[in-house]
Engineer: 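Pasting a structure below so you can have a look.
To find a chain, count down the sequence lines: A is the first, B the second, and so on, and within it residues start at 1. The figures here come from the full heavy-atom set of this structure, side chains too, leaving out hydrogens, waters and symmetry mates. Only a predicted model underlies this, so the values are computations on that prediction, with no experimental measurement involved.
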Amino acid sequence: MRVRFAPSPTGVLHIGGARTALYNWLLARGEGGKFVLRVEDTDRERSTPENVEQILEALRWLELDWDEGPISQVERASRHREQIDRLLADGRAYEDEGAVRLRVPDEGETVVHDAIRGEIAFPHHSIDDFVIARSDGSALYNLAVSVDDLDMDITHVIRGADHLSNTPRQAMIMEALGAQPPVFAHLPLLHGLDGKKLSKRHGAASVQALRESGYLPEAVRNYIALLGWGLDASTTFLSTDELVEGFSLGRVSKSPAVFDEQKLRWMNGRYLRELAPLDLATRLEAITGRTGLEPAASVAQEKMQTLADFWPLAGFLVEPQPTDEKAWAKVMTEGTEERLRIAGEELEALEDPWTNEGVEQALRGVVERLEVKPKEVFQPLRVALTGSTVSPGIFESVVALGREETLVRLRAALGRLELAT
RNA sequence: GCCGCCAUCGUCCAGGGGACUAGGACGCCGCCCUCUCACGGCGGAAACGGGGGUUCGAAUCCCCCUGGCGGUACCA
């Protein structure tokens, strides 16, 4: 088995393309076949090395490795010309104002065998003699892909359903070339939440955007696999191995799917929480360019959905954050000064080691001593330390911050309160 | 216009003649947990587009309609 993924080198790998790549890859890996890459563009202008590299980078990020390629169609121009001449010589094609057209019979039909949709018949009367080469001699898409697929011994062509009506043309070219067409499979298209074709308007619609938004490749892979395919009635989480093992074209859906970023976020959060803290920290360090993030990472982990959530949630552990004035005004009320002062004293007096249990005991002690509600101590403390009313658990936060830094920030807050009175 | 594809909760995925009182997940609502926000737990609302057939029986098979989508390029 040889499957090929043939992206347009626009420099952007959109979600639909990523899913096509994933399905091809899963199929190849599952059957012990080859996953080959080919740049699908006969136009020299767009096929820049930079654009191609961006696609490859996105595939690498998704951990979809390839066995061969990428082969550029532009570089295959002379081979395409050779086959065009052959069709001309065989009388299967003819020249029309400089362009070359394939002869399509008026009668009959071409039947395409699709692994997902079954047999599809295209009546010949609805297909004109179509152009296979421009008047400058260069090959057009339908001819180029057909020649390339044949030369590369491609056995399975899996692509988006938008290519369905190209398929009879390609099958006819292959037939005219005296070859058997490969197995075709057309995946349902992907739409945005508004039912329209997926595009930049729909948030993170490309792999690159997803990556920048802090999604994990394993979560993206899992989520994308489920857009148009499902193992059974209840399985949602599948490792790459399980995906390779369980994937089959026969279970691919025929109807279009809608890309729902909310569900991806949820799934990403689940994957994030299963990461070892060190692993999470390493990934965060890679995108923030900072080091020593492990303590902060493990504190923030339970509340993050994407890597991008880290900074708003736990940035205060790395460096002091500006105080949210609305939060300050809300929690710094009558009596907070005393509560914070006593909390500070308790923490200062707390014996080593500086642990979660010790900190919790000390702070709950303050609550009991003053006979107030827990939040009346914890919320002002939270704002004093983090600058916000939203943060990871207060005990973990204090522990991660360390005694010294906790006291520094507490004193700063107390200073501000004194100034105000 | 012509050709083709598709049609189950708002969304994704199951169910492919009787097991369907249509299942799971996201989201939504409620309750619980709780130091905030989350996580988690429990519960709830929520779908077979319409009409004809076939059949003892249809979400499932057939036809028509409607709707959505794709193509109809010397684009890919």
Engineer: Which comes earlier along RNA chain B counting from the 5' end, the contact point of A:Glu97 or that of A:Lys303, where each point is its nearest nucleotide?
Structural biologist: A:Lys303
Engineer: Check this one for me: any side-chain N or O of A:Arg251 less than 4.0 Å away from OP1 or OP2 of B:rG15?
Structural biologist: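 For B:rG15, OP1/OP2 do have a side-chain N/O of A:Arg251 under 4.0 Å.
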Engineer: Mind listing the side-chain donor-acceptor pairs of residues 363-375 of chain A below 3.5 Å, one per line with the distance, residues two or more places apart or on another chain?
Structural biologist:
unit_1, atom_1, unit_2, atom_2, d
A:Arg364, NE, A:Glu360, OE2, 2.9
A:Arg364, NH2, A:Glu360, OE2, 3.2
A:Arg369, NH1, A:Glu346, OE2, 2.6

Engineer: Given B:rC35, B:rC6, B:rC75, which nucleotide is nearest the side-chain atoms of A:Lys254?
Structural biologist: B:rC6
Engineer: More 5' along RNA chain B: A:Leu313 or A:Trp229, using each one's nearest nucleotide?
Structural biologist: A:Trp229
Engineer: Going by purine N1 to pyrimidine N3 plus the second Watson-Crick contact, or the G-U wobble pair, all under 3.5 Å, which nucleotide sits opposite B:rC69?
Structural biologist: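 Pairing partner, where one exists within any strand: B:rG4.
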Engineer: With the side chain of A:Val131 defined as its heavy atoms from C-beta on, choose the nearest nucleotide among B:rC26, B:rC74, B:rG4.
Structural biologist: B:rC74
Engineer: Run the ring-ring contact (aromatic ring centres under 6.0 Å, His included) test against A:Tyr141 and tell me which residues pass, sequence neighbours left out.
Structural biologist: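 Checked A:Tyr141 against ring-ring contact (aromatic ring centres under 6.0 Å, His included); matches are A:His163.
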Engineer: Please tell me which of the listed nucleotides, B:rG71, B:rC12, B:rG4, lies nearest to the side chain of A:Ser165?
Structural biologist: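 Of B:rG71, B:rC12, B:rG4, B:rG71 is nearest to the side chain of A:Ser165.
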Engineer: If only side-chain N and O atoms of A:Arg273 are considered, is one of them under 4.0 Å from the OP1 or OP2 phosphate oxygen of B:rA38?
Structural biologist: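 Checking A:Arg273 against B:rA38: no side-chain N or O falls below 4.0 Å of OP1 or OP2.
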Engineer: Ignoring hydrogens and geometry beyond distance, is the side chain of A:Lys263 in donor-acceptor contact with the base of B:rA25 at under 3.5 Å?
Structural biologist: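 By the distance-only test, yes, there is a pair.
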Engineer: Please work out which residues in residues 386-395 of chain A have a non-hydrogen atom less than 4.0 Å from an atom of RNA chain B and list them by number.
Structural biologist: A:Thr389, A:Val390, A:Ser391, A:Pro392, A:Gly393, A:Ile394, A:Phe395
Engineer: Closer than 4.0 Å, any side-chain N/O of A:Arg270 to the OP1 or OP2 of B:rC26?
Structural biologist: no
Engineer: Distance to the ring centre below 6.0 angstrom and angle to the axis at most 45 degrees; does that hold for A:Arg416 and A:Trp328?
Structural biologist: yes
Engineer: Do A:Ser135 and B:rC74 share a donor-acceptor pair, side chain to base, under 3.5 Å?
Structural biologist: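 Yes, a donor-acceptor pair under 3.5 Å.
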